[in-house]
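What follows is a short report on a single structure.
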Amino acid sequence: MMECVTTARATVLVNGSATNKFGMGMGLPQCDPLSPFLFILVMEVLHLMLDRAKELGLIGGIQEVLSDRSFSRLQFADDTILFLRVEKKFVKNMKYLLRCFEIFSGLSINFKKSCLIGFGMEEELLYRLPALCKCKIGTLPFDYLGIPLGADLKRISTWNSIV
């Protein structure tokens, strides 16, 4: 993230007029109070990229979850879950979009920590896609922000781990 800030040039709008471009020489340390705000701004770019890709048909989210709507992601802070329809082209396009985001933002996506979980898909395809993404195959349930996703919510044992 520091590289993005230190190598960038910026301009500011003052009363609707742009100032001269200026370089950002120092960067922001992670403990700086502006760091979370800067991260939110950068992540908004990812959201806009994903929305535009969905509009163009480059990726497809899960359909009809909430009254004729599809969704392709859940995000909280720096944890993101991506939901894609089972098509190889969508996975390839998502990988390409994430790589572009890495290049533009200076943020790195750790694919070694990432996993792909398939729902209602052919097992052969499930084993081919992680090789494309350079990630591992995951299973349900898994924890997201301390909550077991994909677990049987009616079982008491599901809730024992949540404090």
Side-chain angles (χ1 to χ4, degrees), residues 1-10 23-24 27-32 34-153 158 161:
M1 186 141 149
M2 194 73 112
E3 181 182 327
C4 177
V5 175
T6 59
T7 59
R9 299 195 50 78
M24 298 183 206
L28 292 174
Q30 280 190 318
C31 61
D32 191 290
L34 286 176
S35 283
F37 180 67
L38 182 59
F39 182 79
I40 290 168
L41 288 175
V42 171
M43 294 313 293
E44 182 63 22
V45 172
L46 177 61
H47 285 290
L48 294 171
M49 287 174 64
L50 294 175
D51 285 344
R52 185 71 176 137
K54 201 162 78 168
E55 287 172 17
L56 295 172
L58 298 173
I59 62 172
I62 298 175
Q63 298 289 349
E64 299 178 14
V65 175
L66 299 168
S67 64
D68 259 358
R69 299 193 138 232
S70 72
F71 71 100
S72 58
R73 66 196 170 273
L74 290 176
Q75 184 170 32
F76 182 79
D78 63 347
D79 287 324
T80 303
I81 299 178
L82 300 171
F83 299 93
L84 295 174
R85 285 199 319 260
V86 183
E87 289 188 36
K88 187 176 179 180
K89 71 176 185 175
F90 290 154
V91 175
K92 287 176 85 171
N93 289 338
M94 180 62 78
K95 174 77 176 189
Y96 178 75
L97 285 167
L98 292 175
R99 182 65 185 131
C100 289
F101 176 73
E102 283 183 318
I103 293 167
F104 295 143
S105 70
L107 296 173
S108 295
I109 297 167
N110 189 343
F111 287 100
K112 290 180 182 173
K113 282 180 155 181
S114 302
C115 67
L116 188 136
I117 300 172
F119 299 95
M121 61 187 289
E122 296 174 20
E123 197 169 324
E124 178 188 333
L125 182 59
L126 177 61
Y127 286 102
R128 280 190 311 201
L129 292 177
L132 179 71
C133 297
K134 306 287 191 274
C135 66
K136 58 189 173 199
I137 295 174
T139 58
L140 291 176
F142 68 94
D143 283 351
Y144 179 69
L145 304 174
I147 297 172
L149 296 182
D152 185 354
L153 300 178
T158 300
S161 62

Please walk me through it: do Leu125 and Arg128 pass side-chain contact (heavy atoms from CB on, under 4.5 Å)? CA-CA 5 Å; Leu125 182 59; Arg128 280 190 311 201; 3.4 Å; yes
Please determine whether a side-chain nitrogen of the Lys or Arg among Arg73 and Asp51 lies less than 4.0 Å from a carboxylate oxygen of the Asp or Glu. yes
In this structure, OG1 of Thr80 is separated from CG of Leu82 (nearest 0.5 Å) by 6.5 Å
Distance from Leu129 atom CG to Phe90 atom CZ, nearest 0.5 Å? 12.5 Å
Heavy atoms from other residues, nucleotides or ligands near CZ of Phe142 exceed 12 (cutoff 6.0 Å): yes
Check whether more than 12 heavy atoms from other residues, nucleotides or ligands sit under 6.0 Å from atom CD of Glu55, and answer yes or no. yes
For Arg52, is the CZ atom crowded, meaning more than 12 foreign heavy atoms sit under 6.0 Å from it? no
Just wondering, do Leu84 and Val91 contact through their side chains at under 4.5 Å, heavy atoms? yes
With a cut-off of under 6.0 Å to the ring centre and 45° to the axis, is Lys95 in cation-pi contact with Phe111? yes
With sequence neighbours left out, write down each residue that passes side-chain contact (heavy atoms from CB on, under 4.5 Å) with Leu58, or none if nothing qualifies. Ala53, Leu56, Asn93
With a 4.5 Å heavy-atom cut-off, do Leu107 and Met43 have their side chains touching? yes
Which atom pair, heavy atoms only, marks the closest approach of Lys92 to Leu132? CG-CD2, 3.2 Å
Using every non-hydrogen atom in the two residues, find where Phe101 and Val42 come nearest and quote the distance to one decimal. CE1-O, 3.5 Å
Is it true that atom CD of Glu44 has more than 12 heavy atoms of other residues, nucleotides or ligands lying nearer than 6.0 Å? yes
If you measure from CG on Leu116 to CG on Leu126, what distance do you get to the nearest 0.5 Å? 6.0 Å
Between Lys136 and Lys112, which heavy-atom pair has the shortest distance, and what is it? NZ-O, 4.0 Å
For Glu102 and Ser108, does a side-chain donor sit closer than 3.5 Å to a side-chain acceptor? no
Kindly give the heavy-atom pair with the smallest separation between Leu97 and Met49, and that separation in Å. O-CE, 3.4 Å
What are the two closest heavy atoms between Leu50 and Ile59, and how far apart are they? O-CD1, 3.7 Å
Closest heavy-atom pair, Cys135 versus Ser114, reported as atoms and distance to 0.1 Å, is CB-O, 3.4 Å
Between atom OH of Tyr127 and atom CD of Glu122, what is the distance when rounded to the nearest 0.5 Å? 13.5 Å
Are Cys100 and Leu98 close enough, and set up right, to give a side-chain contact (heavy atoms from CB on, under 4.5 Å), and what steps lead you there? CA-CA 5 Å; Cys100 289; Leu98 292 175; over 6 Å; no
